[in-house]
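Here the structure comes first, spelled out in structure tokens, and everything after it is commentary.
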2 protein chains.
Amino acid sequence: MNGPTNPDMCEKQCLHQDRVDRVRGDMLADVAAEGLAEIFGLLGDRTRVRILHALSLGELCVCDISAVLGATSSAVSHQLRLLRTAKLVRSRKQGKMVFYTLDDEHVRQLFAQGLEHVLERR
Amino acid sequence: MNGPTNPDMCEKQCLHQDRVDRVRGDMLADVAAEGLAEIFGLLGDRTRVRILHALSLGELCVCDISAVLGATSSAVSHQLRLLRTAKLVRSRKQGKMVFYTLDDEHVRQLFAQGLEHVLERR
DNA sequence: CATTCATATGAATATATGCTCACTTGTTGA
DNA sequence: TCAACAAGTGAGCATATATTCATATGAATG
């Protein structure tokens with residue numbers, strides 16, 4: 001009905017067509033943007049950050065993680081499923097227990113990089 | 001420290017006290033975990049990812065960003081406020097327009113690192 | 001001035017997300 | 001076979017968050 005013209009998109013005067021065209025051409029593919037948002041989103045939660053950091057220090061079972069974080073094993077298990085699905089952690093079953101380890105070197109580097117950011121901003 | 005015993009925290013048999021104690025000692029301070037989650041959370045949204053990527057290609061006004069993303073300038077403005085508050089972008093006023101640029105080198109590196117992850121995962 | 005326009009912002013709404021609770025699964029050992 | 005227990009999961013709830021809509025602000029221009 002309204003067609004492509006959206007009054008909230010200021011298509012009147014301010015648009016720098018050259019710049020816009022150039023940037024449009026270099027923009028990330030949708031999959032890439034989606035993928036980036038997904039991985040960063042996974043790292044963007046306090047509980048998951050702490051789980052991943054704990055695992056970066058060594059292998060732990062669900063119970064241990066719960067104890068370290070002071071969270072219920074249910075909450076931890078829910079989060080571990082997300083991390084497992086995204087292949088950020090790997091699980092190894094041993095009897096009743098399931099041990100988790102980091103399964104992605106990029107995560108370590110992202111952590112280090114992120115920490116630099118956190119520490120250096122002032 | 002943990003207060004009352006929580007049945008969901010399996011304090012019975014599986015706990016590897018030595019590991020837990022060691023990891024607890026090396027855990028991130030709360031502020032650090034919170035800070036990490038915050039920065040990653042900001043990067044964990046498709047719209048913000050695309051805004052930041054567009055800005056990594058050069059300075060753009062709000063209107064241009066809207067055009068590049070195909071989003072309303074209102075939506076973009078809201079997101080820019082978050083990014084500005086977190087000092088990930090910087091704004092420069094010129095007449096009616098406001099130009100934005102990336103204001104954080106870490107972001108570029110996080111992007112590169114994140115992209116590697118996205119591209120390399122099987 | 002009054003108008004137009006780029007940007008910002010508050011309120012409302014829709015959706016996403018994290019946790020708890022109750023329950024299930026699968027394993028160990030009595 | 002049965003009880004105990006670690007772990008996983010679905011439902012429900014509470015909160016967070018992204019977008020839209022309406023409106024405000026402030027700058028250029030007639």
Side-chain angles (χ1 to χ4, degrees), chain A residues 2 5-16 19-20 33-34 37-38 40-51 59-67 69-86 89-100, chain B residues 4-16 20 33-34 37-38 40-51 59-86 89-100:
Chain A
N2 282 354
T5 33
N6 183 329
D8 262 6
M9 274 195 225
C10 50
E11 312 206 355
K12 304 290 169 57
Q13 301 176 4
C14 85
L15 209 148
H16 307 87
R19 270 191 238 195
V20 171
E34 202 64 71
E38 201 179 310
F40 285 130
L42 275 170
L43 298 176
D45 172 79
R46 189 187 126 91
T47 300
R48 287 190 295 267
V49 161
R50 294 169 76 219
I51 290 176
E59 190 183 53
L60 293 171
C61 73
V62 177
C63 190
D64 295 338
I65 301 173
S66 307
L69 302 200
T72 66
S73 59
S74 176
V76 170
S77 205
H78 276 297
Q79 298 305 334
L80 282 172
R81 185 158 57 86
L82 297 181
L83 298 174
R84 218 183 322 122
T85 301
V89 302
R90 187 177 20 176
S91 64
R92 171 178 74 83
K93 196 161 185 180
Q94 180 180 309
K96 285 188 276 196
M97 291 178 281
V98 177
F99 286 90
Y100 281 85
Chain B
T5 37
N6 184 330
D8 262 7
M9 273 195 225
C10 50
E11 311 205 355
K12 305 290 169 56
Q13 302 177 3
C14 84
L15 210 147
H16 307 87
V20 170
E34 200 65 70
E38 200 180 310
F40 285 130
L42 274 170
L43 298 176
D45 173 80
R46 190 188 124 90
T47 300
R48 288 191 294 267
V49 160
R50 294 168 76 219
I51 290 177
E59 190 182 53
L60 293 170
C61 74
V62 177
C63 191
D64 296 338
I65 301 173
S66 307
V68 170
L69 302 200
T72 67
S73 60
S74 176
V76 169
S77 203
H78 276 296
Q79 299 304 334
L80 282 172
R81 186 159 56 85
L82 296 181
L83 298 174
R84 218 185 319 122
T85 302
V89 303
R90 188 177 20 179
S91 65
R92 173 177 73 84
K93 197 162 186 180
Q94 179 180 308
K96 284 187 277 197
M97 290 177 284
V98 178
F99 287 89
Y100 282 84

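In this text the structure is predicted, and so the values were computed from the model without any measurement. The sequence lines fix the lettering, A, B, ..., with proteins before strands; numbering per chain opens at 1.
- Using a 4.0 Å cut-off, no side-chain N or O of A:S73 falls inside it from OP1 or OP2 of D:dG8.
- Dashed line: the shortest gap from a side-chain N or O of B:R81 to OP1 or OP2 of C:dA8 is not under 4.0 Å.
- DNA chain C is contacted by both A:Q94 and B:V98; B:V98 maps to the nucleotide lying nearer its 5′ end (nearest heavy atom per residue).
- Straight-line distance from the CG atom of B:L80 to the P atom of D:dT19: 12 Å, rounded to whole Å.
- Listed here is the closest heavy atom pair of A:C61 and A:F99: N-CD2, 3.6 Å.
- Just one residue in the list B:R84, B:R50, B:R48 forms a side-chain hydrogen bond (donor to acceptor under 3.5 Å, both in side chains) with B:Q79, and that residue is B:R48.
- Neither OP1 nor OP2 of C:dT20 sits under 4.0 Å from any side-chain N or O of A:S74.
- The residue among A:G44 and A:K93 whose nearest nucleotide of DNA chain C lies closer to the 5′ end is A:G44.
- No donor-acceptor pair closer than 3.5 Å links the side chain of B:D64 to the backbone N or O of A:V20.
- Below 30°, between 30° and 60°, or above 60°: for B:F40 and A:F40 the angle between ring planes is below 30°, a parallel geometry.
- Rounded to an integer number of Å, the gap from B:L60 CG to C:dA6 P is 15 Å.
- As rounded to whole Å, 14 Å separates atom C1' of D:dA18 from atom CG of B:L69.
- At the phosphate of D:dT17, neither OP1 nor OP2 sits under 4.0 Å from any side-chain N or O atom of B:Q79.
- Straight-line distance from the CZ atom of A:R50 to the P atom of C:dG18: 15 Å, rounded to whole Å.
- Residue A:S77 places none of its side-chain N or O atoms closer than 4.0 Å to OP1 or OP2 of D:dT9.
- When the C1' atom of D:dA7 is taken as reference, atom CG of A:L82 falls 16 Å away, rounded to whole Å.
- Under a 4.0 Å N-O distance rule, the pair B:E59/B:R92 qualifies as a salt bridge.
- Rounded to a whole Å, the CE atom of A:M97 is 14 Å from the C1' atom of C:dG26.
- Between the CD atom of A:E38 and the C1' atom of C:dA16 there is a distance of 14 Å, rounded to whole Å.
- When the side-chain nitrogen and oxygen atoms of A:R48 are compared with OP1 and OP2 of C:dT17, none of them lie within a distance under 4.0 Å.
- Residues A:F99 and A:H78 both approach DNA chain D. Their nearest nucleotides, taken by heavy-atom distance, put A:F99 toward the 5′ side.
- Backbone-only contact: B:Y100 has heavy atoms under 4.0 Å from sugar-phosphate atoms and none from a base.
- For the pair A:K96 NZ and D:dA3 P, the computed distance is 15 Å after rounding to whole Å.
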